[in-house]
Trainee: 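Before I ask anything, here is the structure I am working with.
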There are 2 protein chains.
Amino acid sequence: MPFDRKDVASISYMLDSIPRGRSLGEQVYERLKQAVVKGDIEPGARVVESVIGESLGISRTPVREAIHKLEKEGLLARSPSKGFFVADLKRSDIEETFGIRTVLESYAARLAAVHHRANELAPLAEKVELYQECLDRGDREALLGINTQFHEMLYGLSRSPKLIKMINDLKDQIYRFRRVILNRDDMAKISNEDHRLMLELMRQRDADGVERVVREHLLKGKDFVLVEFDRKGMVKEGA
Amino acid sequence: MPFDRKDVASISYMLDSIPRGRSLGEQVYERLKQAVVKGDIEPGARVVESVIGESLGISRTPVREAIHKLEKEGLLARSPSKGFFVADLKRSDIEETFGIRTVLESYAARLAAVHHRANELAPLAEKVELYQECLDRGDREALLGINTQFHEMLYGLSRSPKLIKMINDLKDQIYRFRRVILNRDDMAKISNEDHRLMLELMRQRDADGVERVVREHLLKGKDFVLVEFDRKGMVKEGA
DNA sequence: CCATGAGCATTTGGATGAAATATGCCGTTT
DNA sequence: AAACGGCATATTTCATCCAAATGCTCATGG
């Protein structure tokens with residue numbers, strides 16, 4: 001596959017198809033991360049430097065860099081002296097992650113309610129309307145993207161880059177289940193109603209209210225994901 | 001040779017020999033991290049693979065691994081195409097970090113209040129007593145360690161490893177200021193009173209109460225640090 | 001038939017040389 | 001004198017080589 005640095009530079013206008021990192025290591029990192037997060041590589045599958053390297057036509061060094069970062073991030077784990085593999089999600093991991101996301105995202109929403117400027121809510125309102133249209137049309141594929149954008153824009157108003165980064169990292173860990181949530185008709189509908197409510201409370205700068213709505217919003221999401229998790233029989237409670 | 005021999009010398013002195021860890025990369029990571037969070041290497045100082053490697057008598061590969069991890073963690077930053085350097089703390093970084101720590105640690109305390117078993121509070125009580133003794137003796141050096149242990153034990157009771165890890169990572173980012181807080185007589189005293197109160201509320205399993213006390217506890221810490229930051233601009237403590 | 005150990009294969013870890021890259025300096029040109 | 005372009009240099013980044021650790025297989029001996 002085309003993974004050459006010079007090529008990337010020269011045809012930079014079509015860079016979207018290629019992971020846009022400035023170094024090979026970062027490109028591998030992004031690509032591997034997406035593969036893990038989206039479930040393209042199954043949990044438990046081994047991730048071997050030489051294998052990845054060969055399949056991409058590059059040496060082991062950048063792959064190693066990527067693997068180590070992903071290990072630190074918790075997406076890969078290592079079996080002592082066997083190698084690396086995709087970390088599997090236990091039920092407790094989901095509960096834990098949602099719990100942390102809840103406090104972090106409700107805090108971000110609170111900050112956003114306080115810090116946002118009046119004209120910054122318009123793009124959010126647009127997303128809500130767009131979401132509604134797609135919902136009416138039954139265009140489920142679009143929902144996922146719009147939903148993501150709404151939340152990113154909302155938390156972006158918190159003006160706290162570290163917080164935003166932490167939230168995104170946490171979201172990656174359970175990305176596999178995002179589709180699950182919005183594929184439920186009722187949930188997709190409720191979701192946008194929540195968004196509308198958040199927006200209204202933001203307008204009123206009701207920090208407590210927004211925080212509460214976001215918390216409840218995530219609680220619903222957690223319950224859906226857990227039901228789905230249990231249904232699939234992926235139940236492996238550790239500890 | 002126009003490179004800064006001063007950095008080489010100081011880094012070399014600090015990093016010389018701490019040989020505990022799985023792999024060389026891990027050892028370098030730990031050592032470098034300590035050097036950065038304790039302020040042994042000043043913010044803004046450049047961190048160059050080859051320099052660190054030479055001063056430790058090893059190759060660049062493990063050093064590179066360590067540097068990249070620390071960059072991801074936010075302790076090092078990169079100047080576009082110049083190299084890596086120790087990230088400096090802006091005022092907004094402190095405010096941001098304390099804000100996030102507050103929601104995370106108060107959440108951890110809430111979980112701890114719910115999940116702890118009755119006999120698990122005894123070690124915490126011991127720490128409070130020990131702290132008091134050291135305070136009465138004027139043994140400030142000991143306070144720092146005991147304080148850390150108390151909080152680690154408390155959050156440990158939350159039974160949420162991810163949460164604990166995130167809290168610890170955040171603490172590292174402002175570790176340089178911990179000494180500042182507890183060096184103030186009044187603050188050191190107030191601190192233990194807060195701990196006592198937390199413990200009592202934990203016994204009563206008053207989750208809301210514990211959460212509130214932890215939040216206020218951290219708020220005080222933040223204010224102290226910010227005052228200190230504004231006064232000096234930056235704190236340099238010999239270790 | 002079972003146990004044990006030696007050798008083999010697999011995989012990560014570390015070292016080193018070579019390449020890419022950006023930057024600052026210096027000389028030339030207008 | 002100012003601006004522009006090319007060269008020297010510092011530093012990261014990638015590839016390749018070798019070493020060390022560990023599990024597995026298979027043969028051999030009791």
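A note on names: the letters A, B, ... follow the listed sequences, proteins ahead of strands, and every chain is numbered from 1.
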Trainee: Nearest whole Å is fine: how far is C/dT11 P from A/L76 CG?
Mentor: 15 Å
Trainee: Ignoring hydrogens and angles, state whether a donor on the side chain of B/Y29 or B/E73 is under 3.5 Å from an acceptor on the partner side chain.
Mentor: yes
Trainee: In degrees rounded to 10°, what angle is found between the helical axes fit to the five outermost pairs at each end of the helix from C/dC1-D/dG30 to C/dT30-D/dA1?
Mentor: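 Between the axes fitted at each end of the helix from C/dC1-D/dG30 to C/dT30-D/dA1 lies an angle of 10°.
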Trainee: So that I can tick it off, tell me whether B/E26 and B/K69 are bridged by a salt bridge, with the cut-off set at under 4.0 angstrom between side-chain N and carboxylate O.
Mentor: yes
Trainee: For the backbone of B/R117 and the side chain of B/E120, can you confirm whether one donor and one acceptor N or O come within less than 3.5 Å of each other?
Mentor: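 Confirmed, B/E120 side chain pairs with B/R117 backbone.
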Trainee: Could you check if a side-chain atom of B/F150 sits within less than 4.5 angstrom of a side-chain atom of B/Y131, using non-hydrogen atoms only?
Mentor: no
Trainee: Does this structure show an ion pair linking A/E30 with A/K33, if we count only N-O contacts that are shorter than 4.0 Å?
Mentor: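 Salt bridge: no.
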Trainee: Judged by atom type as modelled, is there a donor-acceptor pair below 3.5 Å linking the side chain of A/H116 to the main-chain atoms of A/M202?
Mentor: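 Such a contact is found between A/H116 side chain and A/M202 backbone.
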Trainee: Grab the CD-C1' distance between A/Q27 and D/dC14 for me, whole Å please.
Mentor: 12 Å
Trainee: Evaluate the criterion side chain to side chain contact (heavy atoms under 4.5 Å, CB included) for residue pair B/R176 and B/L89; output intermediate values, then yes/no.
Mentor: CA-CA 10 Å; B/R176 301 171 209 170; B/L89 277 176; 3.9 Å; yes
Trainee: Provide a list of protein-nucleic acid N or O atom pairs under 3.5 angstrom, restricted to nucleotides 5-9 of chain C.
Mentor:
none

Trainee: Tabulate below the donor-acceptor pairs under 3.5 Å that side-chain atoms of residues 96-113 of chain A make, not counting sequence neighbours, or state none.
Mentor:
residue : atom : partner : partner atom : Å
A/E96   : OE2  : B/S160  : OG           : 2.9
A/E96   : OE2  : B/K162  : N            : 2.7
A/T97   : OG1  : A/D93   : O            : 2.7
A/R101  : NE   : A/E105  : OE2          : 2.7
A/R101  : NH2  : A/E105  : OE2          : 3.1
A/T102  : OG1  : A/F98   : O            : 2.7
A/E105  : OE1  : A/Y155  : OH           : 2.5
A/S106  : OG   : A/T102  : O            : 2.7
A/S106  : OG   : A/V103  : O            : 3.2
A/R110  : NE   : A/E211  : OE1          : 2.3
A/R110  : NH2  : A/D208  : OD1          : 2.3
A/R110  : NH2  : A/E211  : OE1          : 2.9

Trainee: Check the distance between D/dT13's C1' and A/Y29's OH and give it to me in whole angstrom.
Mentor: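 Atom-to-atom, A/Y29 to D/dT13, this comes out as 18 Å.
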Trainee: Going by atom type alone, with no hydrogens or angles, which donor-acceptor pairs under 3.5 Å involve a side-chain atom of residues 40-48 of chain A and a protein atom two or more places apart or on another chain?
Mentor:
residue : atom : partner : partner atom : Å
A/R46   : NH2  : A/K82   : O            : 3.0

Trainee: With a cut-off of 3.5 Å and sequence neighbours excluded, list every side-chain donor-acceptor pair involving residues 218-226 of chain B.
Mentor:
residue : atom : partner : partner atom : Å
B/K220  : NZ   : B/D194  : OD1          : 3.1
B/K220  : NZ   : B/D194  : OD2          : 2.9

Trainee: Report, as a single string ordered 5' to 3', how protein heavy atoms within less than 4.0 Å touch nucleotides 12-18 of chain C: B base, S sugar-phosphate only, - not at all.
Mentor: BBBBBBB
